[in-house]
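Computation of the quantities below employed the complete heavy-atom set of this structure, encompassing side-chain atoms and omitting hydrogens, waters and symmetry-equivalent molecules. In this chain, residues are counted from 1 in sequence order.
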Amino acid sequence: MELVVARIGRAHGIKGEVTVEVRTDEPELRLSPGAVLKTEPATVGPLTIETGRVHSGRLLLRFAGVKDRTGAESLRNTLLIAEVDPSELPEEDDEYYDHQLMDLDVVLADGTEIGRITEISHLPSQDLFIVERPDGSEVMIPFVEEIVAEIDLEEQRCVITPPPGLIDEREAIVVSTRDEEATDAGEAVDAADSADSTDAADSGDKA
């Protein structure tokens, strides 16, 4: 089975190094020197990793046969693809490969159906589940422990505890409306109090 493990970014320096956007929890395994990776587009690869190092928090790779900045720039936006045994599992219990999470049913803690995972987006700050709802619309669920309460691979489901507004924007609107109404009511009371004080002062002046 094939998994996308990285996307090549811009060239770094003049000796053929490139930055990469890592899309695997095991870069030391998938992106180590000597690894041979397929590519998308396929015409660019396969690529063999010659060297790898971390610089300013970014992983830099150099591939066999790529010796200068021009060659490195020609690889920009190329996806790197590793061949993975479908039965292989991550070392950590709370880690998952993308293929394990695809098509999981997404439900609330009370069993309410939300949809199914159709895509996983790997962002620099966090991963996102792209969930297709029964009506065909999509919702993005951050893959963080505060929201994703349980991943049950045997039952093929993902249990979430979303904050108000994440699943249904109307919830956020209702909360916002209530807040505004409370604010308006408070302002009205303040205005009335102010008017009473003014009237009392005016009466005093007249007396």
Query raised in the report: Judged by atom type as modelled, is there a donor-acceptor pair below 3.5 Å linking the side chain of Thr19 to the main-chain atoms of Arg10?
Result: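 Here the side-chain-to-backbone pair exists.
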Query raised in the report: Does any N or O in the side chain of Glu155 come within less than 3.5 Å of the main-chain N or O of Asp152, such that one atom is a donor and the other an acceptor?
Result: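 Flag not set: sc Glu155 to bb Asp152 has no pair under 3.5 Å.
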Requested in this report: Could you name each residue pair satisfying side chain to side chain donor-acceptor pair (under 3.5 Å) that touches residues 106-120, not counting sequence neighbours?
Outcome: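 Side chain to side chain donor-acceptor pair (under 3.5 Å) check on residues 106-120 returns Asp103-Arg116, Asp110-Thr112.
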Report task. Not counting sequence neighbours, list each pair that qualifies as a side chain to side chain donor-acceptor pair (under 3.5 Å) and has a residue in residues 128-140. Result ->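 Side chain to side chain donor-acceptor pair (under 3.5 Å) check on residues 128-140 returns Asp135-Ser137.
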**Report entry** Any side-chain heavy-atom pair of Leu101 and Cys158 under 4.5 Å
**Finding:**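 No. Closest side-chain heavy atoms not under 4.5 Å.
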**Report entry** Side chain to side chain, Ile167 and Ile141, heavy atoms closer than 4.5 Å
**Finding:**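 Yes, their side chains come closer than 4.5 Å.
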Query raised in the report: What closest approach, in Å, do Arg30 and Leu37 show between heavy atoms, and which atom pair accounts for it?
Result: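 Shortest heavy-atom contact: O-CD2, 3.9 Å.
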Requested in this report: Please report the closest heavy-atom contact between Val18 and Ala72, naming both atoms and the distance.
Outcome: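 So the two residues come closest at CG1-CB, 3.5 Å.
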Requested in this report: Give a yes or no on this: more than 12 heavy atoms of other residues, nucleotides or ligands lie within 6.0 Å of atom CE of Met102.
Outcome: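 Count over threshold, so yes.
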Donor-acceptor pairs under 3.5 Å, side chain of residues 41-55 to any protein atom, not counting sequence neighbours: which ones?
{"from": "Arg53", "atom 1": "NE", "to": "Glu17", "atom 2": "OE2", "distance (Å)": "2.8"}
{"from": "Arg53", "atom 1": "NH2", "to": "Glu17", "atom 2": "OE1", "distance (Å)": "2.9"}

Query - Ile130/Ile120 under side-chain contact (heavy atoms from CB on, under 4.5 Å): CA gap, chis, key distance, verdict - result: CA-CA 6 Å; Ile130 310 301; Ile120 299 168; over 6 Å; no
Requested in this report: In sequence, state the C-alpha distance, the side-chain angles, and the governing distance for Lys15 and Lys67, and then conclude on side-chain contact (heavy atoms from CB on, under 4.5 Å).
Outcome: CA-CA 5 Å; Lys15 297 183 178 180; Lys67 301 299 183 183; over 6 Å; no
Query raised in the report: For the atom pair CG (Leu80) and OG1 (Thr39), what is the distance rounded to the nearest 0.5 Å?
Result: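 Between atom CG of Leu80 and atom OG1 of Thr39 there are 7.5 Å.
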Query raised in the report: Does the pair Ile114 and Leu108 meet the rule for a side-chain contact (heavy atoms from CB on, under 4.5 Å), with working shown?
Result: CA-CA 7 Å; Ile114 300 301; Leu108 299 181; 3.8 Å; yes
